[in-house]
Amino acid sequence: MAKQLLLIDGNSIVFRAFFAMHNQIDKFTNKDGLHTAAIYGFKLMLDHVLDQFHPDAALVAFDAGKVTFRTKMYDDYKGGRNKTPDELTEQFPYVRELVEACGLHSYELKNYEADDIIGTLAKEGDEAGYETLIVTGDRDLTQLASDHTTVAVTHKGVTDTEHYTPAHVEEKLGITPRQIIDMKALMGDSSDNYPGVTKIGEKTAIKLVKQFGSVENLYDHIDELKKSKMKEHLVEDEAIARECKTLATILQDAPLEIGLDDITYRGEQTEELVAFYQQMGFKSFLAKMDLAPEEKADKSAPVEYTELTADNLAAVDQLEGELNFYLEMPDANYHTSPFAGFVIGDGKTWLVSRDAELLKQDPLKKLLESPAVAKNVFNAKAQIVGLHRLGIDLRNVDFDLLLASYLLNTNDNSNDLGQVALEHDYHEVATDEEVYGKGAKRAIPADDQVFYTHLAQKARAIDDLRAPLFKKLDDNQQTPLYTDIEVPLTRVLAAMEITGIKVNAQTLKDMGSKLTERLADIESQIYAAAGEEFNINSTKQLGHILFEKLKLPVIKKTKTGYSTAVDVLEKLADQAPIVEDILQYRQIAKLQSTYITGLLKVIHSSDQKIHTRYLQTLTQTGRLSSVDPNLQNIPVRLPEGRLIRKAFVPSHAGWQIFSSDYSQVELRVLAHITGDKNLQEDFKNGEDIHASTARRIFHLPADAEIDRNMRRRAKAVNFGIVYGISDYGLAQRIHVSRAQAHEFIQNYFKEFPGVKKYIDDTIAFAREHGYVETITHRRRYLPDIHAKSFSRRSFAERTAMNTPIQGSAADIIKIAMIRMKEEIKQRQLQARMLLQIHDELVFEAPAEEIPVLQKLVPQVMDSAVQLNVPLKVESKVGDTWYDLK
DNA sequence: TCTCGGGTG
DNA sequence: AAGTGCACCCGAGAT
């Protein structure tokens, strides 16, 4: 049998793979954030080809760069193409790695395209008696088809190919493969951007080639054509046609430094390939290699379950050891969601039901509440709140799949169990979307078999992932973070959410009426100034009025039109009185929609309270976030907005609101982490940190008065440093020249050299390890730290330095919250923790307990962790959240 | 469903 | 050659 030669057009296949999978681009990223869709697609193609074709020699050819002999001939060759997306460019080096790991060779040659390498080797193969298969996404290569060379062109996707033999070309086009060159010379190629002869397309080109055989012969016999527009074009464009023929011709004698002897196919290099799959996060490929067949068969075995009813509850008593439990609440808001069913099981037996009421009965209730029986769950906080609604107090949560997964990698968190399982290479559970559908069609399946299987699979996934995830946490030194902080915090948060905060709806409604009146006034003023009525809330219509009708200067543009953001409007305020009105309108409209009607919508009628949900597994830094509604952004800065806080009141008469906040916690963490002696000294001396910073960076004497403006600027510099600000940004922020801003920053680094060193070291750490850490080993991966794109890389560098600061501050208050809850319980106080706003804790308590809190809360908060600078806590108290003093 | 604008720390 | 301070949530309009 003849030897076989495989030649692959690397660039075109990678392009095809990338765009074929483009709609799933975000699904295909590895843990470092590298996009992998094209790499994945390339491997699919390779497997598909190697399934049927067993080469003795194999090569993947790549383009060496933009410049080739063709571009030298014809400037615009391949001109006008869109820039290759960064998400694709970054994948090329890895495709080469893959190629090598698969035992194929790769090659590129300066000044030549991949096509020419393939053409040359195909010819060599022909002469040496090989059967050759060329795989490409580019139909141009079909010109290389011959008796012993087949060209497979990808069709749809990357594995669906069309095989071009001379017979197939003949059948499709009616010409020989070599005549494709003549055809292209006449018709041109829009993707390679060469023109061909005016007005000649594929049909006419084929007709002419059939008639004359070649471009050269056509021009030798051009006189035989009768007079026509086409003939005129042919005559006029003769030079172009001849040049295009050269451009279209794939070389078969490129000066390659390699030959067939150098590209022997080595077969799969197992070890390299496994390492590569691991790096890329290609779990399905890995699974195919690693798992023994019987093991796979076992894993995919359907799950067996028993339906629980009031009559067979005793089955629960047969369960042994740790229990896996999952209460299904189809709505995201577990404070109000209906209950769809539950599953409980020990890893061998799975008991399911649609009737959550069963949980109220023993032995189920007893087991769930037993501190002696460990429970494994997904999203413990949701389970605690849901069960609390059924009168059950879930105790002893050991494993929370969602929480553990979040700590391992904040990037791939999802609220969907199936999705999270997938991230950990576990395929035996479907996602909710797959089983329940999405959008309007989402529903719990009526079919018991379908629903119960899904429930049982979820519980089994929790059970199966417990050990491996605990192992990973341990490897990352994150077990204490998980066990001592996040899991206990879950209970604290659940209690805060369940408690809720009382909101006086009437207060909000009264404010709303006043705002409505004021809005109407401002609205009419705006319409008068504009000379017409329009929707002020529409940035598009507003932009039209300001920048077209009133011809105000355009300061900034957005992707979709004129920017009308505050900083823009402020610059325009002195040019037209309407601008001030618009700013006023915006402010009030925001209060009205988000804070008056928005909050009124979420007051529970049963208790006049708002029950937010804290998301514990969302932010990239370890902070909490708050939704439905967000109680972490209730207005405070502007006096009008601040009034909203009057509606937040204690839940009992004779009680008060009490609040303590860390002062400058992030800067203190900065002083601690950087070890900067000057910064630490300033804090230890108990100085006004912004004033002392002003003294240092503006080179003022120690006893100098710091005026408000200097302090303001120094404060902006302090915050800017933490966020990784540029001189440009700082200049914008504090209204100084860029040169001045630059000087401030330079001075800062001179005065606080430890901070400068920390920034450099942290970025270096991120580059080396791919992640950064907080003081509790909370981790954030920063794949973009290696990005080619300047802005993406810069962003990653700023987050590298900011995340340990912001994240450590988050760690500190989390610890304080856990300890505070314990103290309240131990001292049998009636006080309750209500809100956490990043550096602030809000409580309600009977008036007589306030003196206790005044001492206790700051004490707990400032001793939560021991930093090498003191933590400072300030407290306030009042009858409403507004009145805190 | 996306974009803009704006509220918080 | 381009962009320019971190972390969030949500309402309204446009599509």
Side-chain angles (χ1 to χ4, degrees), chain A residues 83 410 438-439 534-543 556-569 582-583 585-599 601-602 612-615 618-638 640-642 644-645 661-667 670 716-734 738 741-742 745 772 780 788-807 809-810 813 835-841:
Chain A
K83 187 182 172 298
T410 54
K438 67 168 176 178
F534 64 100
N535 188 340
I536 307 167
N537 289 319
S538 159
T539 47
K540 196 172 164 216
Q541 293 180 38
L542 181 62
K556 201 164 74 179
K557 286 199 157 193
T558 65
K559 266 182 271 181
T560 52
Y562 309 110
S563 168
T564 64
V566 169
D567 57 323
V568 171
L569 295 187
I582 291 165
L583 285 166
Y585 179 92
R586 280 254 178 89
Q587 200 191 118
I588 298 171
K590 171 86 179 180
L591 292 176
Q592 184 75 290
S593 66
T594 305
Y595 297 106
I596 302 289
T597 56
L599 289 176
K601 267 188 277 191
V602 291
T612 185
R613 282 154 52 225
Y614 288 103
L615 304 187
L618 181 132
T619 71
Q620 298 298 305
T621 54
R623 276 188 173 185
L624 302 174
S625 78
S626 155
V627 292
D628 293 343
N630 181 358
L631 291 183
Q632 293 180 318
N633 73 341
I634 302 301
V636 68
R637 292 178 191 178
L638 299 175
E640 294 96 322
R642 195 172 190 144
I644 298 286
R645 296 185 171 216
D661 70 286
Y662 285 111
S663 108
Q664 294 127 10
V665 64
E666 290 195 352
L667 288 176
L670 181 73
V717 173
N718 271 331
F719 280 104
I721 293 296
V722 174
Y723 299 145
I725 203 171
S726 65
D727 50 11
Y728 173 89
L730 182 63
Q732 288 274 310
R733 180 87 194 173
I734 60 174
R738 191 167 170 172
H742 181 76
I745 294 173
V772 290
R780 179 180 188 172
K788 278 217 185 70
S789 144
F790 173 82
S791 68
R792 287 174 61 168
R793 195 174 61 247
S794 304
F795 187 73
E797 288 171 357
R798 291 196 295 269
T799 44
M801 54 158 292
N802 175 262
T803 296
I805 311 288
Q806 189 182 119
I813 197 166
L835 303 173
Q836 189 252 44
I837 307 149
H838 309 307
D839 62 357
E840 175 186 8
L841 295 177

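Below, read A as the first sequence line, B as the second, and so on, with proteins coming before strands; counting in each chain starts at 1. Everything numeric here is computed off the predicted structure, so don't read it as measured data.
Shown for residues 720-728 of chain A: residues whose heavy atoms fall under 4.0 angstrom of DNA chain C, namely A:Gly720, A:Tyr723, A:Gly724, A:Ile725, A:Ser726, A:Tyr728.
Judged by atom type and distance alone, A:Gln632 does not reach the base of C:dC8 through any side-chain donor-acceptor pair under 3.5 Å.
Side chains of A:Asn633 and A:Tyr595 form a contact here, defined as non-hydrogen atoms less than 4.5 Å apart. Between A:Phe795 and A:Arg792 there is no side-chain heavy-atom pair separated by less than 4.5 Å. A:Asp727 places none of its side-chain heavy atoms less than 4.5 Å from the side chain of A:Leu730. Looking at heavy atoms from C-beta onward, A:Ile634 lies in side-chain contact with A:Leu599 at the 4.5 angstrom threshold. At least one side-chain heavy atom of A:Tyr562 sits less than 4.5 Å from a side-chain heavy atom of A:Lys557.
When heavy atoms are screened at a 4.0 angstrom cut-off, A:Gln620 is found touching the sugar-phosphate backbone but no base atom. As judged by a 4.0 angstrom heavy-atom cut-off over every strand, A:Ser563 is placed among residues touching the sugar-phosphate backbone only. Within 4.0 Å (heavy atoms only), A:Phe795 reaches sugar-phosphate atoms of the nucleic acid but no base atom. Here A:Ile634 lies in heavy-atom contact (under 4.0 Å) with sugar-phosphate atoms only. Counting any heavy atom pair closer than 4.0 Å across all strands shown, A:Thr803 reaches no nucleic acid atom. A:Arg792 comes within contact range of no nucleotide atom at all, as no heavy-atom separation falls under 4.0 Å. Note on A:Arg586: only backbone sugar-phosphate atoms sit closer than 4.0 angstrom, heavy atoms only; bases stay farther off.
Remark: the backbone N or O of A:Pro629 is paired with a side-chain donor or acceptor of A:Thr612 at under 3.5 angstrom. No side-chain donor-acceptor contact under 3.5 Å links A:Arg623 to the backbone of A:Gln806. A:Thr597 places a side-chain N or O within donor-acceptor distance of the main-chain N or O of A:Gln592, the cut-off being under 3.5 Å.
For A:Ser625, a side-chain nitrogen or oxygen approaches OP1 or OP2 of C:dC9 to under 4.0 Å. Taking side-chain N and O atoms only, A:Arg798 has a distance below 4.0 Å to OP1 or OP2 of C:dC6.
Under the rule for a side-chain contact (heavy atoms from CB on, under 4.5 Å), the partners of A:Thr410 that lie at least two apart in sequence or sit in another chain are A:Tyr406, A:Gln620, A:Arg780. Qualifying side chain to side chain donor-acceptor pair (under 3.5 Å) partners for A:Gln732, counting only residues two or more places apart in sequence or in other chains: none. Applying the side-chain contact (heavy atoms from CB on, under 4.5 Å) rule to A:Lys556 yields the partners A:Ser563, A:Asp567, A:Val568; only residues at least two apart in sequence or on another chain are considered.
Spacing between atom CG of A:Leu631 and atom C1' of C:dC8 amounts to 14 Å, rounded to whole angstrom units. Rounded to whole angstrom, the span from the CG atom of A:Leu618 across to the C1' atom of C:dC8 amounts to 8 Å. Atom P of nucleotide C:dC9 and atom OH of A:Tyr595 are separated by 13 Å, given to the nearest angstrom. The distance from atom CD1 of A:Ile745 to atom P of C:dT4 is 15 Å, rounded to the nearest whole Å. The interatomic distance linking A:Arg793 (CZ) with C:dA2 (C1') rounds to 12 Å, in whole Å. Here C:dT4 presents its P atom at 22 Å from CZ of A:Phe719, a figure rounded to the nearest Å.
Spacing of P atoms, B:dG6 relative to C:dA1, comes out at 34 Å, to the nearest Å. The same atom, P, is picked in C:dT4 and in B:dG5; the two are 15 Å apart, to the nearest Å.
The outermost nucleotides of DNA chain B lying under 4.0 Å from heavy atoms of chain A, listed 5' to 3', are B:dT3 to B:dG9.
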Readout for nucleotides 10-15 of chain C: B = base within 4.0 Å of protein heavy atom, S = sugar-phosphate only, - = neither; 5' to 3' it is SSSSSS
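Annotation: A:Arg793, atom CZ; neighbour count of heavy atoms from other residues, nucleotides and ligands within 6.0 Å is above 12.
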